[in-house]
Trainee: 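Quick one: the structure is below, and I'll ask about it shortly.
We count ligands from 1, going down the list as the structure has it; atoms in each ligand are counted the same way. Just so it is clear, the structure is predicted and the values come from calculations on it, not from any experiment.
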Amino acid sequence: MDAIACLKTRRSVRLYKKDNVSRDIIEDIVDCGRLAASAINIQPWVFVAVDDAELRQRLADTTDHGKFIADAPWCVAVFCRSVKYYLEDGSAATQNILNAARAHGLGSCWVAGDKKPYAARIGELLGVPPDHRLVSLIAIGHTTEVPSPEKLQLRDVLRWNRY
Ligand SMILES: Cc1cc2nc3c(=O)[nH]c(=O)nc-3n(C[C@H](O)[C@H](O)[C@H](O)COP(=O)(O)O)c2cc1C
């Protein structure tokens with residue numbers, strides 16, 4: 001898929017088919033997260049890819065708006081060491097992962113991590129050292145859903161030279 005078409009057609013998917021997605025594909029998707037922009041190139045991230053069904057159920061139950069994590073075949077948890085720009089770096093990696101999933105013809109959804117009261121509990125469930133912060137959980141899988149959330153128009157958000 002053309003990169004611009006990929007970026008313009010990515011949408012958050014919350015209905016997943018049971019069909020498996022291979023480790024090779026998830027590895028390629030996470031590799032795109034690894035290559036995201038990072039302040040001072042610190043790359044503070046670590047990605048935990050979870051396909052274990054029981055663990056995904058526990059992750060899903062721990063979130064408030066991520067119950068579909070139990071249905072998708074994979075959940076990638078993005079953690080960052082607690083450096084100054086951890087949230088920007090982790091968010092850049094997260095968005096790369098969403099776009100890469102789309103490029104592989106898969107649906108995905110960013111489930112909130114940072115600022116959520118359950119963030120530390122997710123880290124414990126996945127055995128992540130406590131100095132790491134959860135940025136996001138990303139459900140990934142096949143879907144037939146074609147969501148169309150309302151989007152602001154370009155003319156409403158783009159200004160040239162001055163506000
Ligand atoms: C920081 C952040 C946290 C989000 N958390 C959740 C979440 O917990 N559950 C969920 O279903 N969607 C979550 N989303 C997805 C947004 O709801 C979604 O991106 C938004 O509605 C726009 O739709 P789109 O992604 O299809 O363009 C989150 C997105 C961001 C950027």
Side-chain angles (χ1 to χ4, degrees), residues 1-18 21 26 29-30 32-39 43-51 53 55-126 128 132-158:
M1 188 190 300
D2 162 63
I4 298 295
C6 175
L7 299 183
K8 288 192 173 183
T9 58
R10 180 219 55 82
R11 295 292 177 274
S12 294
V13 156
R14 300 175 181 88
L15 281 177
Y16 291 93
K17 300 205 290 185
K18 293 282 174 217
V21 175
I26 295 301
I29 289 170
V30 171
C32 293
R34 174 183 72 85
L35 295 168
S38 169
Q43 306 167 72
W45 40 59
V46 62
F47 307 94
V48 183
V50 180
D51 66 342
L55 203 43
R56 276 187 297 100
Q57 185 67 59
R58 293 176 79 180
L59 295 176
D61 291 344
T62 304
T63 66
D64 50 9
H65 293 100
K67 303 304 172 201
F68 48 84
I69 286 172
D71 306 327
W74 287 93
C75 175
V76 174
V78 180
F79 291 88
C80 283
R81 292 196 315 279
S82 193
V83 297
K84 183 173 181 185
Y85 292 109
Y86 82 93
L87 187 53
E88 291 85 345
D89 288 2
S91 296
T94 299
Q95 189 68 46
N96 267 17
I97 288 173
L98 301 179
N99 291 331
R102 173 71 185 145
H104 274 285
L106 298 169
S108 67
C109 188
W110 180 330
V111 173
D114 187 70
K115 301 184 186 69
K116 286 290 190 180
Y118 56 73
R121 177 73 190 129
I122 298 280
E124 285 165 17
L125 280 172
L126 300 178
V128 176
H132 286 59
R133 305 185 67 157
L134 177 70
V135 173
S136 62
L137 293 160
I138 309 167
I140 301 176
H142 291 284
T143 186
T144 51
E145 191 189 11
V146 186
S148 66
E150 279 211 8
K151 293 287 178 186
L152 298 174
Q153 296 301 306
L154 185 60
R155 63 175 173 274
D156 297 327
V157 296
L158 173 62

Trainee: Should the heavy atoms of other residues, nucleotides or ligands under 6.0 Å from NZ of Lys67 be counted, would the total exceed 12?
Mentor: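 Buried by this count: over 12 neighbours within 6.0 Å.
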Trainee: Could you name each residue pair satisfying salt bridge (charged side-chain N to carboxylate O under 4.0 Å, His left out) that touches residues 101-119, not counting sequence neighbours?
Mentor: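 As it turns out, the salt bridge (charged side-chain N to carboxylate O under 4.0 Å, His left out) pairs with a partner in residues 101-119, which skip direct neighbours, are Asp64-Lys116.
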Trainee: As an exercise, state the distance from OH of Tyr16 to CD1 of Ile69, rounded to the nearest 0.5 Å.
Mentor: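 Those atoms lie 8.5 Å apart.
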Trainee: Side chain of Glu145, backbone of Arg14: donor and acceptor closer than 3.5 Å?
Mentor: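 Between the backbone of Arg14 and the side chain of Glu145 there is a qualifying donor-acceptor contact (under 3.5 Å).
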Trainee: Sort out the contact shell of ligand 1: every protein residue with a heavy-atom distance below 4.0 Å, listed by chain and number.
Mentor: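 Ligand 1 is contacted, at a heavy-atom distance under 4.0 Å, by Arg10, Arg11, Ser12, Arg14, His65, Phe68, Cys109, Trp110, Val111, Ala112, Pro149, Lys151.
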Trainee: Crowded around Arg11 CZ? As in, over 12 foreign heavy atoms under 6.0 Å?
Mentor: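 Result for CZ/Arg11: enclosed.
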Trainee: So which of Ile29, Asp51, Leu98 actually passes side chain to side chain contact (heavy atoms under 4.5 Å, CB included) with Ile140?
Mentor: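 Only one option passes, and that is Ile29.
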